[in-house]
Student: 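Here it is, the structure in full.
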Amino acid sequence: MRKLSTLLNCLVFAAATAASMPQATAAAVAGNPNVLWYDKPAAKWVEALPVGNGRLSAMIFGGVGQERLQLNEGTLWAGGPYDPVNPEAKDALPQVRQLINEAKYREAAKLISAKVMAKPLGQMPYQTVGDLLLTFSGSTNAGAYRRDLDLDTATASVSYSSEGVRYTREVFASAPDNVVVMRLAADKPGKISFAAGMKTPMAATVETEGHDTLVMRGMGGDAGGIKGQLKYQARVKVMAKGAKPAADDGKVSVANADEVMLLITAATSYKRFDDVSGDPESVTKQQLAAAAKKSFAKLRAGHLADYQPLFRRVKIDLGQTEAMKLPTDERIRRFAEGNDPQLAALYCQFGRYLLISCSRPGGQPAGLQGLWNDSKNPPWGGKYTININTEMNYWPAEPGNLAECVEPLISMVNDLTVTGGRTARTMYGARGWLTHHNTDLWRASAPIDGPNWGMWPCGGAWLSLHLWDHYEFSGDQGDLQRIYPVLKGASEFFLDTLQEEPKHKWLVTNPSISPENGHPFGAAVCAGPTMDMQILRDLFANTIKAAALLGVDEGFRNQLAAARARLAPNQIGSAGQLQEWLEDWDMRAPEMHHRHVSHLYGLYPGRDIHRRDTPELAAAVKKSLEIRGDKATGWATAWRICLWTHLGEGDHAFQILRYLLSPELTYPNMFDAHPPFQIDGNFGGTAGIMDMLMQSRLGSVSEALTPTLKPEIELLPALPKAWPSGSVKGLRARGGFEVDVAWKDGKLVETTVRSLHGGSAQLRYGAVTRDVQLARGKTYRWNGR
Ligand code: FUC
């Protein structure tokens, strides 16, 4: 099915690579650079193309004889409201702490397993709605086949020729109209005939309603002894020009139509983590009825008016070559050859596209697979793993100028202050709130899976950094007021539960783990792992600054500052590495190349370590990274990219990016491989690429407790040699700035900094700095000299 023009393109490409690859302009090479495209239908799910509106999503396969749209709705999860806290935990914790202080780690883990872990031991999985299947009549021979995903219009298209007719399909997920829209067209009249049906692995029925509508009615599944309580419904309306749809035997058929539009919607009875009283029937009926009043053109215009202002805020050009003419899967296979800088730009924009498509105000936050999941029981339940994965999903949000997309995360954290407050009280007898290493739709917050994974109290504290970041980027007083109670509650929990460590009298978490790495003594549970201390230094600092800016809680601020000063410090171990634990155990740990690099949080995304402020600690981070090695699973590889980037080592970061963007870690549809699919690597890789071009921070490490809105905006902090010339527009910097950067021959040509609400900033390029003061809406240009 590979078409002739693709073959020609390949030949052109081969000729171009033979000579030294010339850099061409965008227009010369490919027109719109933000396209993923393929010359055959998707055979596997990780070849299908994703669309989503933050709530509803589809994976489009583009088959010729049969089209498959695999559908999801963000609130379709197993189970119902539940509280998994183990009531025995509180009485067992003093003994657990004692055992850890006596270095009896295995015994401590055993006691945790028996008395502290959640009941049930696992959480609820995110589930699929099912598939919409269109079975076409007529020939399955197709020529000139192409399927693509245009990131600029958030539209997936399929086109091919068969028996003298050119067929086209377009699919998008509209946020304003709450529907997935599909249009089928042909360049000759009367050529579209198919039967539409639905199937699902869920407990559900499929019926027709009237002559043109498919209805799937089902229930979320049971899991871990928790009964499925969510009702759901998916509705598909078939609207044809030149033919009348007919319903029969659970299918809606169309014969010899000129053009067909399908409107797809789904909803569940979920209202909140403790309320499942919604009515998916009336919701989906209303959504369909409203959308059906609009033409395809009107629905599309509404979709673009909503989507493009978000997507188009950022433009990235890392250089363009003839490689762009190849299908995307072929480009992934060849990326390591080094001739395709634009693929990195595409990967970055794809990450922004995914975030816009799966995380919108009013919806659920991006889970382990974003919104996209074809299973009743996806890997790790497709839920929220908060010892890295959920946070990584949001790393690109603020610098990628998509602050709106963080709203679902903020809402989830607000919910967690309620359920996590319950866990803090019942399990620890403490004020405030916490979450362990996972949560789900029901905001479960007790420790799950087993002590080596779940016995980690800092999930909520880490999530709180994202709320603070949201404020740092916006500089908005309203944001500050909204997040302060959350930060305060997170801090209170630790004021009440930190323990004095016997040797140095430091304050430490106990019990905890360094996510999910085992130490040399047959367990992971320990006291005061480095990551916890770094997260708490950030949490306490941010809470102190927020309170100071709001002029409240002075006594509490002092308490936090005193506790912060007593947290165990970062320590450098015998191999020159940053110690992962209180003791120098790193070189004896059973998994030297473990994927988690938790103790390096302090460099990124944390604020404890910076290459200029704390060069010795930064060198220790580097040593730890060298010991761990560059290769890991998807997200862990992406984290390594970000860390090298924040060490200012762009070439090393790029070497790792070559691995992330290889078939081993990137599927043909550009989804990140864990394997199987996990979306965090996409988001971490996106953040890493943006951070190579610009980084911003408010205050140095030693100014951690000083509230300031004057950012340092560093230009090209880790530009790899592989991208000698290029530009980026519209990145967001802390303190309310937007930044454009252009470079040539590896040197800054010009930066343009726009202040969104007036303020000052220090620009930095290498060792050169420039202080600027800008009125609201004003821009400043600088060439770095
Ligand atoms: C953590 C990681 C795994 C995986 C899972 C969802 O447990 O260690 O690699 O990403 O989360």
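Order of appearance sets the numbers: ligands from 1, and atoms from 1 within every ligand.
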Student: Determine, for Tyr126 and Lys383, whether the Lys NZ or Arg CZ falls below 6.0 Å from the six-membered ring centre while staying within 45 degrees of the axis.
Tutor: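 Relative to the ring axis of Tyr126, which defines the angle, Lys383 lies outside at least one limit.
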
Student: Gln577 pairs by side-chain contact (heavy atoms from CB on, under 4.5 Å) with which of Asp584, Ile572, Val621?
Tutor: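 Answer after filtering Asp584, Ile572, Val621: Asp584.
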
Student: Less than 6.0 angstrom separating the ring centers of Phe683 and Tyr394, yes or no?
Tutor: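 Ring-ring flag for Phe683/Tyr394: false, centres at least 6.0 Å apart.
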
Student: Applying side chain to side chain contact (heavy atoms under 4.5 Å, CB included), name anything that partners Thr509, two or more places apart in sequence or on another chain.
Tutor: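 Listed in chain order: Pro457, Cys458, Phe494, Leu498, Ser512, Pro529, Asp532, Met533, Leu536.
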
Student: Let me know which protein residues bring a heavy atom to under 4.0 Å of ligand 1; chain then number is fine for ordering.
Tutor: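 For ligand 1, the residues that come within the 4.0 Å heavy-atom cutoff are Leu368, Trp380, Thr385, Asn389, Glu516, Arg595, His596, Trp635, His674, Gln678.
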
Student: If you take all heavy atoms of Arg537 and Asn570, which pair is closest and at what distance?
Tutor: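 Shortest heavy-atom separation between Arg537 and Asn570 comes out as NH2-ND2, 3.6 Å.
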
Student: For this output row, return yes or no: ring centroids of Trp462 and His437 closer than 6.0 angstrom.
Tutor: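 Judged by ring-centre distance (under 6.0 Å), Trp462 and His437 do not meet the cut-off.
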
